[in-house]
Amino acid sequence: MTDPHGFLRTDRRSVPARPVQERLGDWDEVHAGRARLPLVSEQAGRCMDCGIPFCHSGCPLGNLIPEWNAYARKGDWWAAAERLHATNNFPEFTGRLCPAPCEDSCVLSINADPVTIKNVEQTIADEGWARGYVEPRPPGHLSGKSVAVVGSGPAGLAAAQQLTRAGHSVTVYERADRLGGLLRYGIPAFKLEKCHLDRRIEQMRAEGTEFRTGVRVGDDLDARGLTDGNDAVVIAVGATERRELPVPGRELWGIHQAMEYLTLANRVAEGDRDLAVLTAEGRHVVIVGGGDTGADCLGTVLRQGAASVVQLDINPEPGPVRPDTEPWPVRPRIYRVSHAHEEARDRDGGDPRRFCAATLGFDDDGAGRVCALRLAEVGPADRTPRPGTEHVIPADLVLLALGFHGPEREGGLVRQLGLVLDDRGNYARTDAFEAVTAAPPPAGPSEPVARAGGARAGGVFIAGDAGRGQSLVVWAIAEGRSAAAATDRYLNGSTMLPAPVAPHDRPLVA
């Protein structure tokens with residue numbers, strides 16, 4: 001237990017970010033080098049003796065937040081790290097990337113400022129690494145069974161680590177040239193420096209997990225052969241089917257999907273190129289989409305030296321306080337300012353976002369390039385453009401950050417395993433995370449003949465955004481842990497691995 005009066009004596013204070021002008025000059029994390037101690041220990045002491053910790057409900061991992069807060073307050077970083085890792089394989093990822101729904105469900109947030117749970121989590125994780133408390137945990141025995149994990153994002157990595165520690169021989173297949181999925185190429189380094197990702201992967205290698213990069217399962221490697229050659233397969237390929245914007249002028253040069261742009265920028269940070277193939281330097285940029293990916297694009301274009309930037313959000317501007325329609329402990333839609341928005345306001349003097357804004361089309365400069373974007377205000381309820389509100393803004397680089405429909409629907413993986421889509425466009429699965437499959441079509445001339453009966457549904461499991469749809473990193477890790485438990489139960493008849501979520505669980509809503 002922390003100080004029962006801490007929340008009365010101590011005001012909420014977050015770990016300060018680096019000055020805007022300093023961080024716009026590099027790609028280091030916004031908090032890099034900022035002192036967290038003793039501030040974080042003091043803030044952890046605000047965790048009250050609330051009796052029923054609703055922060056557990058706000059977090060799909062079921063993180064033991066009051067317990068590690070108590071240890072952090074006392075400076076017992078070994079115990080804090082042990083409690084943190086008891087429910088979360090990668091707290092240094094979630095401590096940096098998760099929007100912290102646990103803070104919105106903190107009991108203090110009913111009528112006060114919640115505990116800075118996210119800051120505490122990141123600090124415990126970093127202190128654990130710095131003090132040598134985070135070590136490889138290879139299994140004490142091997143089961144003699146093999147598991148293939150397709151995809152190395154947070155869900156795939158979590159599933160692989162859990163299954164390796166349970167004694168199975170695990171191989172992770174990644175189609176990109178580096179491991180990490182969207183953690184590697186979709187998240188800018190100023191939010192997650194890749195050294196944290198590399199360090200975890202090396203820990204997993206030391207535990208016995210094997211990795212194969214540059215392998216597209218379904219194309220380079222037959223998916224049916226993968227099921228034949230392993231005792232189980234976990235599909236964790238994410239939700240990468242990008243939403244489109246079907247308006248006039250979409251075909252013009254200079255209009256790109258956000259993930260295409262972010263990947264190219266991250267490759268520069270990885271050292272693959274000296275300069276980005278696609279850069280915002282000196283250009284008038286419009287970002288279509290008001291979510292986290294749009295904010296990642298915003299921070300990136302600012303660091304590349306854009307002449308101007310506007311972010312369009314079709315939703316109405318949220319209010320500053322929790323609305324009655326979204327009562328505690330759910331995560332409310334309120335006006336939030338990310339570090340990228342703070343940077344844009346500091347540089348340009350105002351919020352770069354325009355709310356209730358819909359894109360009507362793009363204008364051609366006469367040479368096939370976009371030069372302007374036509375937009376209109378929309379009603380907050382029906383999103384219908386309002387007559388007389390149409391106007392034009394300059395744009396010679398447009399980034400579409402509209403989210404994802406679900407996993408890829410075409411390709412050898414779906415066809416060879418006979419994966420079925422559910423009504424949300426995700427890979428269908430049972431309550432045990434098992435893939436729902438149909439008999440695959442006859443093999444083509446270049447494909448081996450499938451064994452009788454087609455894909456073995458009982459040995460194929462779906463984890464993460466591929467089965468859930470676009471979600472948060474904390475949900476991906478929870479799904480990976482749960483899918484690992486289901487896989488282990490399939491292989492052994494029972495399991496001791498934790499399963500924090502079920503396939504059809506959803507975030508807490510009103």
Side-chain angles (χ1 to χ4, degrees), residues 30 97-101 104 182 186-188 190-191 239 242-247 250 255-262 265 280 284-303 306 308-323 325-326 330-362 373-386 389-391 393-395 397-405 465 469-473 507 509:
V30 296
L97 303 177
C98 183
D104 292 305
L182 291 184
I187 302 296
F190 56 79
K191 287 181 67 176
R242 301 162 185 172
R243 296 183 187 275
E244 260 298 343
L245 185 62
V247 298
R250 168 62 182 90
I255 304 173
H256 302 270
Q257 286 283 352
M259 280 303 160
E260 174 191 359
Y261 168 73
L262 290 173
H284 298 287
V285 182
V286 178
I287 301 166
V288 184
D292 288 341
T293 301
D296 292 344
C297 289
L298 176 61
T300 303
V301 302
L302 292 172
R303 283 162 175 78
S308 67
V309 59
V310 175
Q311 184 179 9
L312 304 181
D313 191 337
I314 199 170
N315 297 300
E317 180 176 337
V321 297
R322 182 190 293 270
T325 54
E326 297 175 339
V330 305
R331 178 171 173 81
R333 178 175 170 79
I334 59 174
Y335 185 80
R336 303 178 192 268
V337 178
S338 72
H339 289 110
H341 297 131
E342 179 187 37
E343 292 159 1
R345 292 165 70 168
D346 185 86
R347 193 191 79 153
D348 300 329
D351 195 321
R353 290 171 287 186
R354 297 192 185 182
F355 295 94
C356 285
T359 303
L360 303 179
F362 303 102
L373 181 148
R374 288 176 279 114
L375 71 156
E377 296 179 8
V378 298
D382 58 9
R383 296 186 175 183
T384 301
R386 293 177 173 176
T389 64
E390 298 87 353
H391 58 288
I393 57 176
L397 175 60
V398 178
L399 303 175
L400 305 181
L402 302 171
F404 302 89
H405 285 294
D465 290 2
Q470 182 181 356
S471 191
L472 304 176
V473 62
V509 296

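Small disclaimer: the values here were computed from a predicted structure and weren't measured. Values below: all heavy atoms of this structure, side chains included; hydrogens, waters and symmetry mates excluded.
- Gln257 contributes atom CD, which lies 5.5 Å from atom CZ of Arg242 (distance to the nearest 0.5 angstrom).
- Taking CZ of Phe355 as the start and CG of Asn315 as the end, the distance is 8.5 Å to the nearest 0.5 Å.
- For Ala306, the side-chain contact (heavy atoms from CB on, under 4.5 Å) partners are Ala280, Val285, Val301, not counting sequence neighbours.
- Leu182 meets the side-chain contact (heavy atoms from CB on, under 4.5 Å) test with Met259; sequence neighbours excluded.
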_With side chain to side chain contact (heavy atoms under 4.5 Å, CB included) as the criterion, how do Ile314 and Val378 come out once you've worked through the C-alpha distance, each side chain's angles and the decisive distance to 0.1 Å?_
CA-CA 7 Å; Ile314 199 170; Val378 298; 4.1 Å; yes

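- The backbone N or O of Phe404 lies less than 3.5 Å from a partner atom in the side chain of Gln470, making a donor-acceptor pair.
- With hydrogens and angles disregarded, no donor-acceptor distance shorter than 3.5 Å links the side chain of Arg331 to the backbone of Pro507.
- The shortest heavy-atom contact between Thr300 and Pro188 is OG1-CG, 3.8 Å.
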*asked:* Could you walk me through whether Val309 and His284 satisfy the side chain to side chain contact (heavy atoms under 4.5 Å, CB included) test, starting with their C-alpha distance in whole Å, then the side-chain angles of each, then the deciding distance to 0.1 Å, before giving a yes or no?
replied: CA-CA 6 Å; Val309 59; His284 298 287; over 6 Å; no

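- Atom CD1 of Ile393 and atom CG of Leu312 lie 5.0 Å apart (nearest 0.5 Å).
- Put simply, CG on Leu402 and OG1 on Thr293 are 10.0 Å apart, with the number rounded to the nearest 0.5 Å.
- Evaluation of the side-chain contact (heavy atoms from CB on, under 4.5 Å) rule for Pro323 yields Thr325, Glu326, Pro332, Ile334 as partners, not counting sequence neighbours.
- Heavy-atom minimum distance, Ile287 versus Ala401: CG2-CB, 4.3 Å.
- In this structure, His341 has no ring pair (Phe, Tyr, Trp, His ring centres under 6.0 Å) partners at least two apart in sequence or on a different chain.
- Applying the salt bridge (charged side-chain N to carboxylate O under 4.0 Å, His left out) definition to pairs two or more places apart or across chains, those involving residues 334-345 are Arg23-Glu342, Arg23-Glu343, Asp104-Arg336, Arg303-Glu343.
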Could you go step by step and tell me if Arg353 and Tyr335 meet the side chain to side chain contact (heavy atoms under 4.5 Å, CB included) rule? CA-CA 11 Å; Arg353 290 171 287 186; Tyr335 185 80; 3.4 Å; yes

Dump the intermediate steps for side chain to side chain contact (heavy atoms under 4.5 Å, CB included) on Leu373 and Val310, then the final yes or no.
CA-CA 11 Å; Leu373 181 148; Val310 175; over 6 Å; no

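- With respect to Asp313 and Arg354, no salt bridge is recorded, no charged nitrogen being found less than 4.0 Å from a carboxylate O.
- Residues in residues 376-386 take part in no salt bridge (charged side-chain N to carboxylate O under 4.0 Å, His left out) pair, two or more places apart or across chains.
- Between Asp296 and Phe190, the closest heavy-atom pair is O-CZ, 3.8 Å.
- When all heavy atoms are compared, the tightest approach of Val286 to Pro394 is CG2-O, 3.9 Å.
- Of the possible polar contacts, none joining the Gln311 side chain to the Cys297 backbone as a donor-acceptor pair under 3.5 Å is found.
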